[in-house]
Amino acid sequence: VYRDEKPGQLVGLSRVRSITQDDGHVFCRISQIKQEVKTIVEVIAEFYKVMGMDKEYWVSLSVHDPKEKDKYLGADDVWKTAENALEEAAKENNLPYKRIVGEAAFYGPKLDFMFKDALEREWQLATIQLDFNLPERFELSYMSEEGKKERPVMIHRAISGALERFMAVMIEHFAGKFPLWLSPVQVRLLTLTDRNKDFAYSVAAKMQEHDIRVEVDARVESMGKKVRDAQVEKVNYIVTVGDKEQEAN
């Protein structure tokens, strides 16, 4: 997705012009909204639990302002059904939500999952948005049990949201020290002398056969400097390779 952000609004990875989104769309009946939203909320909750980010967010239940009806599409009863379905899903999944009046999109209410960056600024990552507008504009319909044409509703859902923004918040959340499974470099092998270099590369090759992300630091530097550099780069495991290791294989 490309968005023409003003130059002063661009912020690192948090707000970019070229956005990669894990956007998905569910078409369902109005009576199925609650179940579909519940399923998506469960996916989002599981995702952030795995990432270790499930304790540090709140959810904006963005609903329409009944005093400004001209700003929104769709009938009052459909809005009520949709907003109730979102709120019930938030309650059933114990989401830390606040009901924010007037923050709904013109096409429907939404649940926005809000996270803070290292400077305490809030960013929306995951989102669930109900959309009555798109099925209307494309004149979509399905046949009900009574043989009548009925209009479906569409649910926009993003789990991590904008991947660039998600990466920014995640990097800050872990302060660069990623859990082992996520770390770009899991192991760094440090050679003690130049004669240990070939052995270190052979060990690295064996590790790579087991899908371990490994690097060899064979620079002509002191061991203290190599260790320090690996620590600063927050590599998970630092392994030294010298004559003893080579002899013992």
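As the structure is a prediction and not an experimental result, all values here were calculated from the model. These numbers come from the heavy atoms of this one structure, side chains and all, not from hydrogens, waters or symmetry mates.
Residues satisfying the side-chain contact (heavy atoms from CB on, under 4.5 Å) criterion with Ala248, sequence neighbours excluded, are absent altogether. Listed by chain and residue number, Phe199 satisfy the side-chain contact (heavy atoms from CB on, under 4.5 Å) test with Ser202 (two or more places apart in sequence, or in another chain). The salt bridge (Lys or Arg N to Asp or Glu O under 4.0 Å) search around Arg228 returns none, not counting sequence neighbours. Here His156 pairs with His25, Tyr107 under the ring-ring contact (aromatic ring centres under 6.0 Å, His included) rule; sequence neighbours left out. In this structure, the salt bridge (Lys or Arg N to Asp or Glu O under 4.0 Å) partners of Lys116, at least two apart in sequence or on a different chain, are Glu120. Under the salt bridge (Lys or Arg N to Asp or Glu O under 4.0 Å) criterion, Arg165 pairs with no residue, sequence neighbours left out. Looking at residues two or more places apart in sequence or on another chain, you find no salt bridge (Lys or Arg N to Asp or Glu O under 4.0 Å) involving Glu139.
Distance alone, capped at 3.5 Å, places no donor-acceptor pair between the Asn93 side chain and the Ala90 backbone. Remark: side-chain polar atoms of Arg213 are paired, donor with acceptor, to backbone N or O of Trp181 under 3.5 angstrom. In terms of modelled atom types and a separation under 3.5 Å, the side chain of Asp112 and the main chain of Ser60 share no donor-acceptor contact. At distances below 3.5 Å, at least one donor-acceptor pair connects side-chain atoms of Thr81 with backbone N or O atoms of Asp77.
Exactly one of Glu150, Glu145, Glu36 qualifies for a salt bridge (charged side-chain N to carboxylate O under 4.0 Å, His left out) with Arg29. That residue is Glu145. Just one residue in the list Glu83, Glu103, Lys71 forms a side-chain hydrogen bond (donor to acceptor under 3.5 Å, both in side chains) with His64, and that residue is Glu83.
At a threshold of 4.5 Å between non-hydrogen side-chain atoms, the residues Ile159 and Arg157 count as touching. Contact check for Asp194 versus Lys197: side-chain heavy atoms found under the 4.5 Å cut-off. Between Ile155 and Asp131, every side-chain heavy-atom pair lies at or beyond the 4.5 Å cut-off. Two residues are said to be in side-chain contact when any heavy atoms from C-beta on lie closer than 4.5 Å; Glu88 and Lys38 fail this criterion.
Considering CE of Met114 and CD of Gln124, their distance stands at 6.5 Å, rounded to 0.5 Å. From Glu92, atom CD reaches atom CG of Leu95 across 10.5 Å, with rounding to the nearest 0.5 Å.
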Residue pair Ile100, Val63: steps toward the side chain to side chain contact (heavy atoms under 4.5 Å, CB included) verdict: CA-CA 6 Å; Ile100 311 291; Val63 298; over 6 Å; no

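Taking every heavy atom of both residues into account, Ala158 and Ile44 meet most closely at O-CD1, 4.1 Å. Looking at every heavy atom in both residues, Lys226 comes nearest to Glu221 through CE-O, 3.8 Å. Of all heavy-atom pairs spanning Val216 and Ala204, the tightest one is CG2-CB, 3.7 Å. Heavy-atom minimum distance, Glu245 versus Gly242: OE1-N, 2.7 Å. Across Leu86 and Lys110, no two heavy atoms sit closer than the pair CD1-N, 3.6 Å. The heavy-atom pair separating Thr191 from Ala200 by the smallest distance is CG2-CB, 3.6 Å.
Taking 4.0 Å as the cut-off between side-chain N and carboxylate O, Asp229 and Arg188 do not count as a salt-bridged pair.
In the hydrophobic clustering of this structure, Val203 groups with Tyr201; members are Ile, Leu, Val, Met, Phe, Trp, Tyr whose side-chain heavy atoms approach within less than 4.5 Å, directly or through other members. Cluster annotation: Leu134 and Ile128 are assigned to distinct hydrophobic clusters (Ile/Leu/Val/Met/Phe/Trp/Tyr, side-chain heavy-atom contacts under 4.5 Å, transitive).
Within the hydrophobic cluster formed by Ile, Leu, Val, Met, Phe, Trp and Tyr side chains joined at under 4.5 Å, directly or through other members, Val1 is accompanied by Val16, Ile19. Cluster partners of Ile238, by chain and number: Leu190, Leu192, Met223, Val227. The rule joins Ile, Leu, Val, Met, Phe, Trp and Tyr whenever side-chain heavy atoms lie under 4.5 Å apart.
For residues 229-249, no pair satisfies ring pair (Phe, Tyr, Trp, His ring centres under 6.0 Å), with sequence neighbours left out. Pairs of residues two or more places apart, or lying in two chains, that qualify as ring pair (Phe, Tyr, Trp, His ring centres under 6.0 Å) and include a residue from residues 115-138 are Tyr48-Phe115, Tyr57-Phe115, Trp79-Phe132.
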Just distance, no hydrogens or angles: give the donor-acceptor pairs under 3.5 Å from side chains in residues 166-177, sequence neighbours left out.
unit_1: Glu172; atom_1: OE1; unit_2: Ala118; atom_2: N; d: 2.8
unit_1: His173; atom_1: ND1; unit_2: Glu56; atom_2: OE1; d: 3.2
unit_1: His173; atom_1: NE2; unit_2: Gly52; atom_2: O; d: 2.8

